[in-house]
Amino acid sequence: MFHASRPDDPVARAIEALGREALATLPVALADLPRDEVPLRPFDTVGLPALRALLGRGPEPASAPAEPGVTLSAEPLAHLADELAAMGHGLIMVMGKGGVGKTTIAAALAVGLVQRGHSVHLTTTDPAAHVAEILAGGLDGLKVGRIDPKVETQAYIDKIMRTRGKDLDAQGRALLLEDLQSPCTEEVAVFHAFSRVVNEARSAFVVLDTAPTGHSLLLMDATGAYHRQATRHTGPGVKNVVTPLMRLQDASLTRVIIVTLPEVTPVSQAAALQDDLRRANIEPWAWVINKSVAASGTSDPLLQARLAGERRQVARIAGGLAQRTFVLPWLPEPPVGVEALGTLVRPKQAPSAS
Ligand SMILES: Nc1ncnc2c1ncn2[C@@H]1O[C@H](COP(=O)(O)OP(=O)(O)OP(=O)(O)O)[C@@H](O)[C@H]1O
Ligand SMILES: [Mg+2]
């Protein structure tokens with residue numbers, strides 16, 4: 001639990017309020033359980049001394065200051081939007097673990113591309129996504145869609161029945177339908193929908209808000225399996241097979257953006273995701289550090305004390321993990337709606353000629 005010690009600090013107040021709200025709306029089954037509250041500590045809770053200190057049984061570990069001399073060149077989200085807009089079209093895949101801000105960043109980048117004169121299809125593979133709510137109001141030039149596994153699977157089954165099932169007798173159709181009830185069908189159907197989106201990005205901007213990591217890696221597996229199947233019989237000289245995986249590997253078409261929080265475990269998980277992508281020969285194009293307390297301008301002493309930890313994570317990201325690093329501060333008001341998202345990515349006014 002975080003307790004703000006400066007009532008005049010909007011960031012600290014907002015963080016405290018979030019915790020209070022979450023506790024106030026606990027499901028009854030949880031609220032009835034015995035509860036222990038652990039205050040937010042100013043240090044990373046990794047290692048035995050830190051764990052002892054966390055429980056109040058030992059001295060606080062001295063935090064090593066961030067490496068001096070490491071320049072932390074994290075740029076604002078508007079610059080990321082500028083660089084993406086310069087592609088003219090393409091697939092922007094926003095990836096990362098649960099709750100780090102994928103949907104928020106994807107929606108903001110989509111709005112940013114529209115602000116720069118492009119039409120954009122923002123879509124999601126996350127069954128639980130709230131993209132539509134986050135963009136309440138809508139925006140000309142922005143189309144919001146979703147790859148819904150249930151809908152895609154039914155459409156796929158219907159199509160197979162219409163085509164392959166067309167000339168079968170009743171028993172044959174029943175058998176085919178039974179066959180299509182397997183879990184593989186959903187995987188294939190979602191992959192087909194994903195391939196359509198990848199193809200669309202050849203001539204327009206598609207921003208893809210992905211499901212939390214595990215889910216997305218399954219989709220990547222399907223993409224890899226399809227690639228191996230499709231290219232198995234293509235020897236040298238056969239050049240006309242371009243699979244969705246090849247399009248994801250093509251940096252002129254696809255840019256993967258990894259979103260993380262500037263904390264030890266989230267950064268390690270983002271690094272693991274990056275390793276998985278690299279194994280598939282997909283090189284993430286940039287990282288976005290979201291909810292940066294350092295960038296939020298807070299003056300709360302506890303949050304200030306935690307900044308050393310955050311700086312270490314930023315140094316880790318900027319100093320080797322990421323090709324390019326962008327940052328979004330911890331905002332006292334969660335950025336929801338076209339207006340709020342728009343201010344995060346608004347292009348800088350060109351300086352007037354003097
Ligand atoms: N920079 C920020 N400052 C304050 N609040 C933020 C910021 N970024 C995101 N949020 C809020 O944090 C919550 C989680 O963000 P979001 O839904 O974008 O994450 P996600 O990675 O898409 O989550 P999931 O994995 O569940 O899909 C939301 O309530 C969002 O409004
Ligand atoms: Mg999301």
Side-chain angles (χ1 to χ4, degrees), residues 2 4 9-22 24-25 74-81 92-112 122-137 144-149 207-219 256-263 265-267 269-270 272-273 284 287-298 300 303 306-307 310 313-314 317 325-346:
F2 169 70
D9 186 304
V11 172
R13 258 207 332 256
I15 296 180
E16 181 180 318
L18 267 184
R20 233 182 303 114
E21 265 164 46
T25 54
E75 298 188 68
L77 220 49
H79 289 183
L80 177 54
I92 319 295
M93 270 181 91
V94 182
M95 303 186 77
K97 72 164 214 125
V100 294
K102 295 177 296 299
T103 302
T104 303
I105 306 281
L109 291 175
V111 171
L122 171 63
T123 187
T124 180
T125 57
D126 185 355
H130 51 285
V131 181
E133 290 131 69
I134 238 181
L135 279 164
V144 178
R146 89 167 30 224
I147 297 176
D148 179 326
V207 179
L208 186 66
D209 164 37
T210 67
T213 304
H215 230 101
S216 304
L217 289 178
L218 263 181
L219 183 60
V256 172
I257 313 290
I258 292 186
V259 182
T260 186
L261 306 177
E263 292 171 25
T265 308
V267 171
Q269 286 168 328
L273 167 64
W287 286 43
V288 173
I289 300 171
N290 189 23
K291 301 194 180 178
S292 162
V293 175
S296 74
T298 180
D300 183 278
L303 295 181
R306 286 182 58 84
L307 291 189
E310 176 171 327
Q313 298 315 310
V314 177
I317 296 167
T325 313
F326 299 86
V327 69
L328 183 61
W330 215 107
L331 303 162
E333 196 67 44
V336 176
V338 172
E339 195 49 43
L341 293 167
T343 57
L344 303 180
V345 285
R346 187 146 294 141

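Fair warning: this is a prediction, and the values are worked out from it, not measured in the lab. Indexing begins at 1, ligand by ligand and atom by atom, following the structure's order.
- The shortest N or O to N or O distance between P335 and ligand 1 is not under 3.5 Å.
- Residue L328 approaches ligand 1 through these ligand atoms, each under 4.0 Å from one of its heavy atoms: 1 (N).
- Considering backbone and side-chain atoms together, V336 places no N or O closer than 3.5 Å to any N or O of ligand 1.
- In terms of heavy-atom proximity, A340 sits nearest to P335 at CB-CA, 4.1 Å.
- Using a 4.0 Å cutoff on heavy atoms, P332 does not count as a contact of ligand 1.
- Across V11, D9, L307, a single residue satisfies side-chain contact (heavy atoms from CB on, under 4.5 Å) together with S296, and that is V11.
- With a cut-off of 2.8 Å, the Mg ion (ligand 2) has an N, O or S atom of T103 in range.
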Problem set entry | Intermediate values then yes/no, side chain to side chain contact (heavy atoms under 4.5 Å, CB included), F2 and D300 | CA-CA 11 Å; F2 169 70; D300 183 278; 3.7 Å; yes
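- Interface atoms of ligand 1 facing G98, defined by a heavy-atom separation under 4.0 Å, are 25 (O).
- Only one option out of K102, M95, M93 pairs with L208 in a side-chain contact (heavy atoms from CB on, under 4.5 Å); it is M93.
- Residue N290 touches ligand 1 through its side chain alone, judged by heavy-atom distances below 4.0 Å.
- Contacts between A211 and ligand 1, counted as non-hydrogen atom pairs separated by less than 4.0 Å, are absent for every part of the residue.
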Exercise. Can V100 and I105 be said to form a side chain to side chain contact (heavy atoms under 4.5 Å, CB included), step by step?
Worked result: CA-CA 9 Å; V100 294; I105 306 281; over 6 Å; no
Exercise. For I15 and T298, what are the C-alpha separation, side-chain angles and deciding distance, and is it a side chain to side chain contact (heavy atoms under 4.5 Å, CB included)?
Worked result: CA-CA 11 Å; I15 296 180; T298 180; over 6 Å; no
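- At least one N or O atom of K291 sits closer than 3.5 Å to an N or O atom of ligand 1.
- Every N/O-N/O distance between P334 and ligand 1 stays at or above 3.5 Å.
- Scanning L331, V100, L341, T104 for the heavy atom closest to atom 3 (N) of ligand 1 points to L331.
- The shell of residues lying under 4.0 angstrom from ligand 1, judged by heavy atoms, excludes G96.
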Exercise. Going through the distances and angles, do V293 and R306 end up as a side chain to side chain contact (heavy atoms under 4.5 Å, CB included)?
Worked result: CA-CA 9 Å; V293 175; R306 286 182 58 84; over 6 Å; no
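- In terms of polar-atom proximity, T103 is counted as a contact of ligand 1, with an N or O under 3.5 Å from an N or O of the ligand.
- The residues R20 and E16 are annotated as salt-bridged, a charged nitrogen and a carboxylate oxygen being separated by less than 4.0 angstrom.
- Put simply, the residue from T210, D209, T124 that forms a side-chain hydrogen bond (donor to acceptor under 3.5 Å, both in side chains) with T103 is D209.
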